Protein chains: 2
Amino acid sequence: MIRLSRKSDYGLVALKALRSLQPGDALSARELAVQLGLPGDMTPKVLARLAQAGLVESSMGKAGGYRLARSAGDISVAEVVRVLDGESGLAPCREGILECHRIETCDIKHPLDNLHQEVMRVLQGMSIAQL
Amino acid sequence: MIRLSRKSDYGLVALKALRSLQPGDALSARELAVQLGLPGDMTPKVLARLAQAGLVESSMGKAGGYRLARSAGDISVAEVVRVLDGESGLAPCREGILECHRIETCDIKHPLDNLHQEVMRVLQGMSIAQL
DNA sequence: GCCAACTGCGACCGTTCTAGTCCGAGTTTA
DNA sequence: TAAACTCGGACTAGAACGGTCGCAGTTGGC
């Protein structure tokens with residue numbers, strides 16, 4: 001399936017909301033959740049992950065919150081998806097535990113990898129600012 | 001997640017195998033499964049679905065089996081994915097039962113739909129023959 | 001005419017992944 | 001010192017997916 005997870009969806013919406021923030025200001029996760037209608041305890045998680053990856057900055061303590069770490073035009077959809085969903089190839093050959101037993105003879109992996117790169121290039125081409 | 005389901009994966013592999021068939025010949029689902037190392041009872045399902053969608057032709061009875069209904073160059077990856085996984089937008093706003101409650105105020109749906117179309121265009125650009 | 005080898009189709013179950021919640025700890029400001 | 005926030009892990013419920021089983025219908029050969 002070519003579909004974004006909810007996490008990525010939430011992340012995109014949240015980033016978009018942070019875009020219209022005055023420099024120096026910050027929005028708390030709870031405020032964002034209420035404002036955007038996102039599930040309460042999911043929002044801090046998504047934002048924390050984005051902060052960890054350097055897409056947003058966080059300030060702790062009272063009156064703390066999140067703000068964009070870079071300009072909205074510098075953050076691509078691809079980056080958000082990669083941070084929140086992890087990057088895995090198009091092909092469902094799981095790595096690790098459930099390894100594909102066809103891996104030796106698989107002749108479609110390379111073409112699919114190429115496709116995957118093209119898809120990511122498309123996502124790379126759209127920034128938060130363009131959403 | 002931007003990942004193909006196993007069904008789509010199996011479908012692509014199977015179609016690719018059918019490509020090198022003599023005209024008039026047919027391969028049974030079981031043969032394909034053995035030959036490609038696919039799970040035994042999954043393969044008939046995938047092929048039946050493909051036949052239903054007109055991507056492969058089937059002949060019943062003894063010595064029956066499957067063959068491509070069109071030339072491999074005319075079948076795109078996008079089509080296979082659409083048939084086996086169903087087409088759903090990039091955005092995870094499920095339709096029907098679990099409708100997104102943000103649907104009214106959602107301002108990223110349209111941009112995501114555009115992205116989705118671009119992604120499908122990429123998949124459309126690769127045919128079974130190119131795999 | 002019967003049997004064997006297929007497709008076709010629906011029902012079913014177990015596993016995996018995802019979404020969402022809860023809770024405790026650390027940080028900052030008033 | 002208290003309030004408001006981030007941070008991180010652990011846990012639960014539910015949906016989606018992969019995979020299996022069984023039966024009906026069809027065809028070709030003996």
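On a predicted model such as this, the values are computed, not experimentally measured, just so you know. The chains referred to below are lettered A, B, ... by the order of the sequence lines, with proteins before strands, and numbering in each begins at 1.
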How many Å lie between [atom1] on [X] and [atom2] on [N], as a whole number?
X: Arg3(A); N: dA16(D); atom1: CZ; atom2: P; answer: 8 Å
X: Arg30(A); N: dA3(D); atom1: CZ; atom2: P; answer: 14 Å
X: Leu18(B); N: dT7(C); atom1: CG; atom2: P; answer: 11 Å
X: Leu47(B); N: dG8(C); atom1: CG; atom2: P; answer: 9 Å
X: Asp41(B); N: dC12(C); atom1: CG; atom2: C1'; answer: 13 Å
X: Leu4(A); N: dC17(C); atom1: CG; atom2: P; answer: 19 Å
X: Glu31(A); N: dC5(D); atom1: CD; atom2: C1'; answer: 10 Å
X: Lys7(A); N: dG20(C); atom1: NZ; atom2: C1'; answer: 10 Å

Next item on the list: Respond yes when some side-chain nitrogen or oxygen of Tyr10(B) is under 4.0 Å from OP1 or OP2 of dG19(D), and no when none is.
Entry: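 It does, given that an N or O in the side chain of Tyr10(B) lies less than 4.0 Å from OP1 or OP2 of dG19(D).
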Check: Is any side-chain nitrogen or oxygen of Arg6(B) closer than 4.0 Å to OP1 or OP2 of dC17(D)?
Finding: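 No.
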Checklist line | Met42(A) vs Gly64(B), nearer the 5' end of DNA chain C by closest nucleotide | finding: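 Its nearest nucleotide lies further toward 5', so the answer is Gly64(B).
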Check: Between atom CG of Leu50(B) and atom OG of Ser58(B), what is the distance when rounded to the nearest 0.5 Å?
Finding: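 One finds 11.0 Å between CG of Leu50(B) and OG of Ser58(B).
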Check: Among residues 54-63 of chain B, which residues get a heavy atom nearer than 4.0 Å to DNA chain C?
Finding: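 Here the set is Ser58(B), Ser59(B), Met60(B), Gly61(B), Lys62(B).
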Next item on the list: Decide side-chain contact (heavy atoms from CB on, under 4.5 Å) for Leu84(B) and Leu12(B); before the verdict, give the C-alpha distance in whole Å, the side-chain angles of both, and the deciding distance to 0.1 Å.
Entry: CA-CA 10 Å; Leu84(B) 292 175; Leu12(B) 290 174; over 6 Å; no
Check: Shortest non-hydrogen contact from Leu21(B) to Ala26(B)?
Finding: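 Heavy-atom minimum between the residues: CD2-CA, 3.8 Å.
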Item checked: Heavy-atom closest pair, residues Gln130(A) and Met126(A) ->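 Taking Gln130(A) first and Met126(A) second, the nearest heavy atoms are OE1-CA, 3.4 Å.
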Check: Between Val122(B) and Val119(B), does a side-chain contact (heavy atoms from CB on, under 4.5 Å) hold up when you go through it step by step?
Finding: CA-CA 5 Å; Val122(B) 169; Val119(B) 168; 5.6 Å; no
Restricting to nitrogen or oxygen on both sides, can you table the protein-nucleotides 9-14 of chain D pairs closer than 3.5 Å?
residue, atom, partner, partner atom, Å
dG9(D), O6, Lys45(A), NZ, 2.5

Checklist line | Heavy atoms from other residues, nucleotides or ligands near CZ of Arg30(A) exceed 12 (cutoff 6.0 Å) | finding: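 12 or below, so no.
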Note to self: Any heavy-atom pair between the side chains of Val83(A) and Val80(A) that's under 4.5 Å?
What the structure shows: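 SC-SC contact between Val80(A) and Val83(A) ruled out.
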Next item on the list: Kindly determine whether Val46(B) and Leu38(B) satisfy side-chain contact (heavy atoms from CB on, under 4.5 Å), including the steps that lead there.
Entry: CA-CA 11 Å; Val46(B) 167; Leu38(B) 304 181; over 6 Å; no
Notebook entry, point to check: side-chain contact (heavy atoms from CB on, under 4.5 Å) between Met120(B) and Arg82(B): does it pass, once the steps are laid out?
Noted result: CA-CA 9 Å; Met120(B) 289 310 275; Arg82(B) 203 176 299 132; 3.8 Å; yes
